[in-house]
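Worksheet: the structure to be examined is printed underneath.
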Amino acid sequence: MKEPKRYLVTSALPYANGPVHIGHLAGVYIPSDIYTRYLRLRGKDVISVCGSDEHGVPITIKAKQEGVSPQDIVDKYHAIIKNAFKGLGIDFDIYSRTSSPVHYQTASDFFRTLYDNEKFIEQTSQQYFDPEANQFLADRYITGTCPRCGNDRAYGDQCEKCGSTLNPTDLIDPKSAISGAVPVMKETKHWYLPLDQYEAFLRQWILDGHKEWKPNVYGQCKSWLDMGLQPRAVSRDLDWGIPVPVDGAEGKVLYVWFDAPIGYISATKELTPEWEKYWKDEETKMVHFIGKDNIVFHCIVFPSMLRAHGGYILPENVPANEFLNLENDKISTSRNWAVWLHEYLDEFPGKEDVLRYVLCANAPETKDNDFTWKDFQARNNNELVAVLGNFVNRALVLIQKYYEGVVPAAGSLTDYDRATLAEMPAYRKALEENLETYHFREALKEAMNFARLGNKYLADSEPWKVIKTDPERVKTILNVAMQITANIAIAIEPFMPFTAVKIRQMACLDGLTWEGLGAAGLVPAGHAIGTPELLFEKIEDSVIEAQLAKLEATRQANMAREVKAEPQKPLVSYDDFMKMDIRVAKVVAAEPVPKTKKLLKLTVDTGIDTRVIVSGIAEHYTAGQMVGKQVVVLVNLAPRDLKGITSEGMILMAQDASGKLVVVKPEDETASGSVIS
RNA sequence: GGCGGGAUAGCUCAGCUGGUUAGAGCGCAUGAUUCAUAAUCAUGAGGUCCGGGGUUCAAGUCCCCGUCCCGCUACCA
């Protein structure tokens, strides 16, 4: 793309069922903010849009759990998220939300256009329906007993205890989470976007046209395209969301992944009446900042939607980051294993830039990275305090001390002065190149080089010594030091806007622009600076220990929760129990089921017969370990086909909280067929 | 099981289409310095570039076979 006329930067819409944590920041919002601020500083026409993603089933479930309405949930988290972003200086031009009226209208119109132009296919299918509540049930709205681990609070899409992915029809004894009624199967109609029809276009656009995309993004797209695309449903039976704008679609809403990316468009509409030039003019460069979990939506699905609609531009790049871990463990909202932005802002007032710095310096640009509090402390103390804060402080203090705060005029420059100043344009070039190619870690390092240069210059020039022998020379030295300081204020602005402002205020520097970066004459002789203050302060061990203790408390709480045994299930009668025919059996043969990770095909002698049982234990036992072992089998369980093999019965296993499976077997070898009661 | 990404100094990472003694920041050691938040500056020690084969005059870089980590996907009674 030749020099674009304008830029449109989007940042993944945070899902409004929880606050934002450092993983979101490092992956998406800090990079997008740095990029946007940089473009603004270059005087580009750029807008940055974001907003809360407020629809979808998890929000309705959370609302149910807390006994409030979905609107209450999204109002709560929208406010927290929006404030937290503002607190960290994540400077969107608009932070909207998908429950806004403009978005309803935009998403409806978008759907309607595709519908009218016959871009969808309609399909009917059988789905669970709650006769009492009179509505279809999303997968998450059906609870029942997990067929695998026996957890009686499994959801229709997943058992959270054993991690199994389920279909609603898999659940034993399914119940509606809304009314508790037993759901019935009923026919329902949905609309699908036939992604397969866009495969050729996507191949050409991405695989041929965007080889410059990051390896993780490009590779993931190629993987999907090579697997072959399937039609995807764009509607759901749910009462929370944007109604499908078609006659006879009562009780149906747009599927959340369909309406969420349209949120970028709606936000732009809310921001400016000129929104169309950002979305429909080929000379606009659109960039999506996202995490790696969103690659397929932003590179495959959303572009297909835009293409189906017609008239819209496509993203020029999608610089997705990997994930950030916290203290060697995966960040998890449900396990409360996170550093929450709103809490950080409370606990570390005035240290917004420290977090911005650390998360950028340690951003997961090429692979998953780890955030540790020790690293946070080290980067603050050894880099921000020692290098950046220290240089600015010593330069300003010296000017204050020797010249009462008035920048002295430079005399004739020595070769060394010139060589030092000549470094700066090269730093600028490297900084810009890295920013424009989304290498923010590297770019930050370049920005810090200005401060390193300053420290070296002062150490080599030794004004505190020279002042005794050649006071005239010191004027030149401190003039040069002041020029470097002004350059720092410009260079760090995209990364650390608060600090940049502090330097400007402290040194009374107005009118610095990016165009001046690298130049030597930014501050005229005679300019009066203010009183130097420290930009950063050291972070003591005790502060870090407190944060680690907080995490340790979370870990303990999580463990206590896991160790706690499941509550007892409802009572059953003796007759119920006697319906189950449980026998001792012996494994006579075992082999892994091809093309599966968890399945073993076991041939067992039940005493009654020799039969085949397929069991999901391959991650815990090898085939060899199972042969000859006595096991306990529920023999009158209805048969079921697994991977084309009919499984007749279930091997009883014990499972601990971590999901580890252990075979249950008789204490002493017993005859096969022995009845257990 | 299929696919994608990653593996380079103690830590976090650069290393473009293969080409002189593999680099940076932090940490560490030694020395210098004292304007500065014991901050700074210089020098140095640290690397079978995950393992094993191969192509080549030449491989961290290309090919093949493995191992480990992350993700997507299938499967999960």
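Proteins get letters first, then strands, A, B, ... in listed order; numbering begins at 1 in each.
The aromatic ring centroids of A/Phe348 and A/Trp373 lie less than 6.0 Å from each other. Under the 6.0 Å cut-off for aromatic ring centres, A/Phe302 and A/Phe297 do not qualify, their centroids lying 6.0 Å or more apart.
Taking atom CG on A/Asn449 and atom C1' on B/A14, their separation rounds to 13 Å, with Å as the unit. Whole-Å rounding puts the A/Glu442 CD to B/U12 P distance at 16 Å. Between A/Asn362 atom CG and B/A14 atom C1' the separation is 15 Å, expressed in whole Å. One interatomic measurement links the two molecules: CD1 of A/Ile295 to P of B/G71, which rounds to 13 Å at whole-angstrom precision. Between A/Asn325 atom CG and B/U12 atom C1' the separation is 14 Å, expressed in whole Å. Protein atom NZ of A/Lys601 is 16 Å distant from nucleotide atom C1' of B/C75, rounded to whole Å. Rounded to whole angstrom, the span from the CD atom of A/Gln220 across to the P atom of B/G4 amounts to 11 Å.
Side chains of A/Tyr457 and A/Asp417: a donor-acceptor N/O pair is present below 3.5 angstrom, by distance only. Between A/Lys214 and A/Asn321, the side chains place a donor N or O and an acceptor N or O closer than 3.5 Å (distance only, hydrogens not considered).
Rounded to the nearest Å, the gap between the C1' atom of B/A58 and that of B/A7 is 24 Å. Between B/A32 and B/A38, the distance separating the two C1' atoms is 15 Å to the nearest Å. The separation of B/U48 from B/A39, taken at their C1' atoms, amounts to 40 Å, rounded to a whole angstrom. A gap of 46 Å separates the P atoms of B/C28 and B/G2, to the nearest Å. Rounded to a whole angstrom, the distance from the P atom of B/A29 to that of B/A45 is 16 Å.
In terms of heavy-atom proximity, A/Ala447 sits nearest to A/Phe495 at CB-CE1, 3.9 Å.
Set against B/G5, B/U40, B/U8, the side chain of A/Lys367 has B/U8 as its closest nucleotide. In the set B/C35, B/C3, B/G71, B/C3 carries the atom at the smallest distance from any side-chain atom of A/Ser223. Among B/G6, B/C26, B/C41, the nucleotide with an atom closest to any side-chain atom of A/Asn382 is B/C26. Of the candidates B/C26, B/C72, B/G5, B/C72 carries the atom nearest the A/Trp224 side chain, counting heavy atoms from C-beta on. Closest contact between the side chain of A/Lys330 and the listed nucleotides B/C70, B/U12, B/U37 involves B/C70. Closest to the A/Glu383 side chain, of the nucleotides B/C35, B/U34, B/G25, is B/G25. Proximity note for A/Lys538 (side chain, C-beta onward) versus B/C26, B/U37, B/C72: the nearest is B/U37. The nucleotide whose nearest atom lies closest to any side-chain atom of A/Asn455 is, among B/C41, B/C70, B/U37, B/C41. Side-chain atoms of A/Arg394 lie closest to B/A36 of the nucleotides B/G6, B/A36, B/U12. Of all nucleotides listed (B/A36, B/U12, B/A42), B/A42 comes nearest to the side chain of A/Lys456.
Annotation: A/Glu533, atom CD; neighbour count of heavy atoms from other residues, nucleotides and ligands within 6.0 Å does not exceed 12.
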Show the atom names and distances, to 0.1 Å, of all donor-acceptor pairs under 3.5 Å that link a side chain in residues 395-404 of chain A to residues at least two apart or in another chain.
| unit_1 | atom_1 | unit_2 | atom_2 | d |
| --- | --- | --- | --- | --- |
| A/Gln400 | OE1 | A/Gly405 | N | 3.4 |
| A/Gln400 | NE2 | A/Gly530 | O | 3.0 |
| A/Tyr403 | OH | A/Lys475 | N | 3.3 |

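For B/G46, the base adopts the syn conformation, since its glycosidic angle falls within 90 degrees of zero.
Nearest-nucleotide assignment on RNA chain B puts the 5′-proximal partner with A/Asp370, out of A/Asp370 and A/Phe323. Nearest-nucleotide positions on RNA chain B for A/Lys468 and A/Lys445 put A/Lys445 closer to the 5' end.
Pairs passing the side chain to side chain donor-acceptor pair (under 3.5 Å) check and including a residue from residues 351-360 of chain A, sequence neighbours excluded, read A/Asp33-A/Arg356, A/Lys351-A/Glu537, A/Asp353-A/Thr499, A/Tyr357-A/Glu383.
The residue A/Pro463 sits apart from the nucleic acid: no heavy atom pair falls under 4.0 Å. A/Lys214 comes within 4.0 angstrom of no nucleic acid atom, judged by non-hydrogen atoms across all strands.
A donor-acceptor distance shorter than 3.5 angstrom exists from the side chain of A/Thr469 to the backbone of A/Val466, with no hydrogens or angles considered.
For the strand RNA chain B, secondary-structure stems (runs of at least three Watson-Crick or G-U pairs, all distances below 3.5 Å) span B:1-7 with B:67-73, B:10-13 with B:23-26, B:28-32 with B:40-44, B:50-54 with B:62-66.
Look at A/Thr366 and you'll find a side-chain N or O under 4.0 angstrom from OP1 or OP2 of B/A14.
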